[in-house]
Chemist: 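Sharing a structure here in structure tokens format.
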Number of protein chains: 2
Amino acid sequence: MAEATVQPGADYCATYDPSSPATRDALRERLLDVAGLSELFKVLSDETRTRILYLLSLQELCVCDIADVLDMSLPAVSHHLRLLKAHRLVKYRREGKQVYYSLDDDHIVGLISLAQAHYAEGR
Amino acid sequence: MAEATVQPGADYCATYDPSSPATRDALRERLLDVAGLSELFKVLSDETRTRILYLLSLQELCVCDIADVLDMSLPAVSHHLRLLKAHRLVKYRREGKQVYYSLDDDHIVGLISLAQAHYAEGR
DNA sequence: AATACAATTAAACGGTTGCTTAATTATAGG
DNA sequence: CCTATAATTAAGCAACCGTTTAATTGTATT
């Protein structure tokens with residue numbers, strides 16, 4: 001393992017020695033803060049799903065219209081909507097033959113905006 | 001395609017008719033706003049990577065320490081760091097035999113916080 | 001030089017994922 | 001009751017992804 005990054009006596013330094021078992025365990029405990037977080041990001045990791053979510057942030061749409069705008073097959077879109085539904089990111093209402101979807105959670109818009117800001121900084 | 005969701009004459013309604021080619025094209029144009037965004041989310045979609053990024057938000061660490069804390073093989077960790085490097089999310093400096101990594105972008109912390117807030121709301 | 005350790009890279013394998021085609025359910029209209 | 005349209009579901013397939021093992025590079029030590 002690595003040696004201490006802090007010189008002996010340099011206790012003003014905020015960093016811990018990762019080679020010490022105590023610090024290692026402390027860091028492991030902190031990891032619980034982000035447990036399961038990647039699951040949400042996994043939903044957003046597909047281009048089609050971010051497009052669907054962004055469309056729904058603009059207006060309510062039925063499945064066939066989403067498919068039309070995205071130029072995709074209906075089953076493919078339905079497949080993604082099912083996943084978004086399972087994660088409580090979208091809600092739906094039936095109106096005759098159509099089923100209209102809309103956002104169920106505004107956090108998503110915030111995540112998308114933040115990601116946009118990331119790219120906006122010349123990356 | 002779907003019929004208009006707005007009754008004729010109800011032009012106070014903010015929603016557009018998605019079945020009209022003009023609206024369809026307008027929506028398609030808006031999609032450019034989120035083009036490529038999922039790529040960033042894809043990086044965060046892996047649990048190991050979110051854990052690495054969160055660890056690095058706490059303190060600078062070398063590869064073998066990350067591997068130790070996460071209880072993973074060195075090549076596996078290195079593999080992920082390579083991807084994070086390619087996306088300019090982490091930076092590194094060599095110090096002797098070790099290579100120390102740290103966050104290169106604070107946006108990531110914001111994204112993680114926002115995702116945490118999402119789950120904090122009883123979902 | 002030679003050895004040891006940290007890190008990276010490459011190849012290969014197993015699991016996951018997203019799309020397609022086909023079949024099924026649901027609702028509206030003739 | 002039958003047909004047509006919207007949507008969902010299921011099965012199958014190709015592509016992608018993360019890990020492992022093994023080999024290679026780089027740096028420090030003796």
Side-chain angles (χ1 to χ4, degrees), chain A residues 1-5 17-19 24 36 38-53 55-56 60-87 89-102, chain B residues 1-5 17-19 24 36 38-53 55-56 60-87 89-102:
Chain A
M1 289 310 119
E3 293 159 35
T5 61
D17 176 6
S19 64
R24 192 201 55 195
S38 61
E39 220 177 291
L40 177 59
F41 291 123
K42 195 168 290 181
V43 177
L44 298 166
S45 71
D46 182 77
E47 180 96 14
T48 299
R49 284 194 290 270
T50 61
R51 297 176 93 191
I52 291 178
L53 287 171
L55 282 181
L56 295 182
E60 186 185 48
L61 288 168
C62 69
V63 186
C64 66
D65 282 333
I66 298 174
D68 185 42
V69 173
L70 298 183
D71 195 27
M72 288 183 61
S73 76
L74 241 147
V77 172
S78 188
H79 168 74
H80 287 297
L81 287 171
R82 185 189 183 185
L83 188 73
L84 296 174
K85 224 187 307 178
H87 283 82
L89 298 178
V90 299
K91 59 189 177 194
Y92 63 96
R93 66 177 178 87
R94 182 168 269 266
E95 187 178 312
K97 278 183 280 188
Q98 283 91 22
V99 175
Y100 286 89
Y101 281 85
S102 56
Chain B
M1 291 308 121
E3 293 159 34
T5 60
D17 177 7
S19 64
R24 193 201 54 197
S38 61
E39 222 177 289
L40 177 59
F41 291 124
K42 195 168 291 180
V43 177
L44 298 166
S45 71
D46 181 77
E47 181 97 15
T48 299
R49 285 193 290 270
T50 60
R51 297 176 92 189
I52 291 177
L53 287 171
L55 281 180
L56 295 181
E60 187 186 46
L61 288 168
C62 69
V63 185
C64 65
D65 282 334
I66 297 174
D68 185 43
V69 173
L70 297 184
D71 195 27
M72 289 182 62
S73 76
L74 241 147
V77 171
S78 188
H79 168 74
H80 288 297
L81 286 171
R82 186 189 184 186
L83 188 73
L84 295 174
K85 224 188 307 178
H87 283 82
L89 298 178
V90 298
K91 60 189 176 194
Y92 63 97
R93 69 180 177 84
R94 184 171 267 273
E95 186 177 313
K97 277 182 281 190
Q98 281 92 21
V99 175
Y100 285 90
Y101 281 84
S102 56

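Below, each value reflects all heavy atoms present in this structure, side chains not excepted, and no hydrogens, waters or symmetry copies.
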Chemist: For B/Phe41, what residues pass the ring pair (Phe, Tyr, Trp, His ring centres under 6.0 Å) criterion, not counting sequence neighbours?
Modeler: none
Chemist: Can you find a pair of side-chain heavy atoms, one from B/Leu55 and one from B/Asp65, that are under 4.5 Å apart?
Modeler: no
Chemist: Got a donor-acceptor contact below 3.5 angstrom from the B/Arg94 side chain to the B/Gly96 backbone?
Modeler: yes
Chemist: Taking the side chain as every heavy atom from C-beta outward, state whether A/Leu84 and A/Leu56 have any atom pair closer than 4.5 Å.
Modeler: no
Chemist: Provide, to the nearest angstrom, the distance between the CG atom belonging to B/Leu83 and the P atom belonging to C/dA7.
Modeler: 19 Å
Chemist: Can you confirm whether B/Met72 sits close enough to B/Thr48 that some side-chain heavy atom of one is under 4.5 Å from a side-chain heavy atom of the other?
Modeler: yes
Chemist: Scan nucleotides 19-29 of chain C nucleotide by nucleotide, 5' to 3', and note B when protein non-hydrogen atoms come under 4.0 Å of the base, S if they reach only the sugar-phosphate, - if neither.
Modeler: SBBB----BS-
Chemist: Looking at residues at least two apart in the chain, or sitting in another chain, which of them share a side chain to side chain contact (heavy atoms under 4.5 Å, CB included) with A/Lys97?
Modeler: none
Chemist: Within this structure, what is the CG-to-C1' distance between B/Leu70 and D/dT20, rounded to whole angstrom?
Modeler: 17 Å
Chemist: Out of C/dT8, C/dA10, D/dA6, which has the shortest distance to the side chain of B/Val63?
Modeler: C/dT8
Chemist: Can you see which heavy atom on B/Arg49 is nearest to which on B/Val43, and at what distance?
Modeler: NE-O, 2.6 Å
Chemist: Under the rule for side chain to side chain donor-acceptor pair (under 3.5 Å), what residues qualify as partners of A/Ser38, not counting sequence neighbours?
Modeler: B/Glu47
Chemist: So for the helix from C/dA1-D/dT30 to C/dG30-D/dC1, with five pairs setting each end axis, what is the inter-axis angle to 10°?
Modeler: 10°
Chemist: In this structure, how many angstroms lie between the C1' atom of C/dG15 and the NZ atom of A/Lys42, rounded?
Modeler: 11 Å
Chemist: From CZ of B/Arg93 over to C1' of C/dA6, roughly how many Å is that when rounded to an integer?
Modeler: 15 Å
Chemist: If the condition is side chain to side chain contact (heavy atoms under 4.5 Å, CB included), which residues does A/Ser102 pass it with, not counting sequence neighbours?
Modeler: A/Glu60, A/Lys91
Chemist: To the nearest Å, how far apart are B/Asp65 CG and C/dC5 P?
Modeler: 16 Å
Chemist: Calculate the interatomic distance between B/Arg51 atom CZ and D/dT19 atom C1'; express it in whole Å.
Modeler: 15 Å
Chemist: Return the value, rounded to whole Å, for the distance between atom CG of A/Leu81 and atom P of D/dT8.
Modeler: 6 Å
Chemist: Please state whether the phosphate of D/dG18, meaning OP1 or OP2, lies under 4.0 angstrom from any side-chain nitrogen or oxygen of B/Arg49.
Modeler: yes
Chemist: Please state whether the phosphate of D/dT8, meaning OP1 or OP2, lies under 4.0 angstrom from any side-chain nitrogen or oxygen of A/Tyr92.
Modeler: no
Chemist: What is the distance, rounded to the nearest whole Å, between atom CG of B/Asp71 and atom C1' of D/dG18?
Modeler: 16 Å
